[in-house]
Participant: 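Structure incoming, see below.
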Amino acid sequence: MGRTRAIPSGEEGTTAVADGDELPMMMRDFLAKAGGCAVLDGGLATELEAHGADLNDPLWSAKCLLTSPHLIRQVHLDYLHSGANIIITASYQATIQGFQSKGFSTEESENLLRKSVHIALEARDVFHQTHHHHPVLVAASIGSYGAYLADGSEYSGDYGESVTLETLKDFHRRRVQVLAEAGPDILAFETTPNKLEAQAYAEILEEGDVKIPAWFSFNSKDGVNVVSGDSLLDCAAIADACSKVVAVGINCTPPRFIHGLILSLKKVTEKPILIYPNSGERYDPDKKEWVASTGVTDDDFVSYVTVWRQAGAALIGGCCRTTPNTIRAITRSLNKRSFV
Ligand SMILES: [Zn+2]
């Protein structure tokens, strides 16, 4: 686990290594540079689709790593110009196992993971040529085992009895390592549907000597628990206890639930809170389309931003079906600058 490990002192148990606070400080420094609150990007996969990409595939957005990397780069740039301080890579549904089942070798599969990070790093470089004062982090996305299965379990959190902690650790371990070593600033564990998977992530990070920090983000469909029905408080407590985790939050969840969820998170963690809700529409897995649900318009979404900020969110953006327009509006609500 490297330099942040507590080492036995021989006499009174353990002594924390002096630089154990390095990873949390990185996030605190970044937030200070961003003026206390940072803007995350918006939906990546759904925005690629809005540009005509056909993502009806088990690889979802990761398919574009094969077919249209230039489009991924363009969407990253659109979000940066909209004011985003963090861009999230196209690796959400990119897995070694998923690429292998398409016939790629292990090495080719790992290279595709690296490519997702390289595209985002390149977009940042391009953006910084003209906007070098705007702080930008590249977050490497890691979707859940359920996202890889592409069978809806990412929104039920139900993996069945046969999936154990070890199954999940074995599934994610190499992917996490490859992504972490490809040069992102942070690992984004997104849309985490249950407690078992949060535990698997925490153990991989602690055991694997991962050198960069991470955030854990969960999804909810009732505003109280994560989608599996596991307690959000239990899930967030796992994130809070993991020394590599520097922010905890909620993503791909309807906007109307976010305020209550922020208040819940604050009960169990003092780590910075991130929220990036979806547009409030609902995905119908049978019809394979998004359907309007009651109540929330794009305007409503943005009108919540200051409330979320006051409630304690320090990183705010959007998930599925949010767009560069949404991010521009969030940027404006936080009195920050966009570049288009
Ligand atoms: Zn989403």
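Just so you know, ligand 1 is whichever comes first in the structure, and atom 1 is the first atom listed for that ligand.
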Participant: For Lys102 and Asp57, run salt bridge (charged side-chain N to carboxylate O under 4.0 Å, His left out): C-alpha distance rounded to whole Å, both residues' side-chain angles, the deciding distance at 0.1 Å, then the answer.
Facilitator: CA-CA 11 Å; Lys102 294 264 177 187; Asp57 187 280; 2.8 Å; yes

Participant: Could you give the side-chain donor-acceptor pairs of residues 141-151 under 3.5 Å, partners two or more places apart or in another chain?
Facilitator:
unit_1: Ser141; atom_1: OG; unit_2: Tyr92; atom_2: N; d: 3.4
unit_1: Ser141; atom_1: OG; unit_2: Glu190; atom_2: OE2; d: 2.4
unit_1: Ser144; atom_1: OG; unit_2: Gly146; atom_2: N; d: 3.3
unit_1: Ser144; atom_1: OG; unit_2: Ala147; atom_2: N; d: 3.1
unit_1: Asp151; atom_1: OD1; unit_2: Ser153; atom_2: N; d: 2.9
unit_1: Asp151; atom_1: OD1; unit_2: Ser153; atom_2: OG; d: 2.6

Participant: Under 4.5 Å between side-chain heavy atoms, hopping through other hydrophobics if needed: is there a path connecting Val307 to Val302?
Facilitator: no

Participant: Is the gap between the ring centers of His131 and His81 under 6.0 Å?
Facilitator: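 When the ring centroids of His131 and His81 are compared, they turn out to be within the sub-6.0 Å range.
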
Participant: Do the two ring centres, one from His134 and one from Phe127, sit under 6.0 Å apart?
Facilitator: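 Centroid separation for His134 and Phe127: below 6.0 Å.
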
Participant: Quick check, are the ring centers of Phe301 and Trp308 under 6.0 angstrom apart?
Facilitator: yes

Participant: If waters are left out, how many protein N/O/S atoms lie within less than 2.8 Å of the Zn ion (ligand 1)?
Facilitator: 3

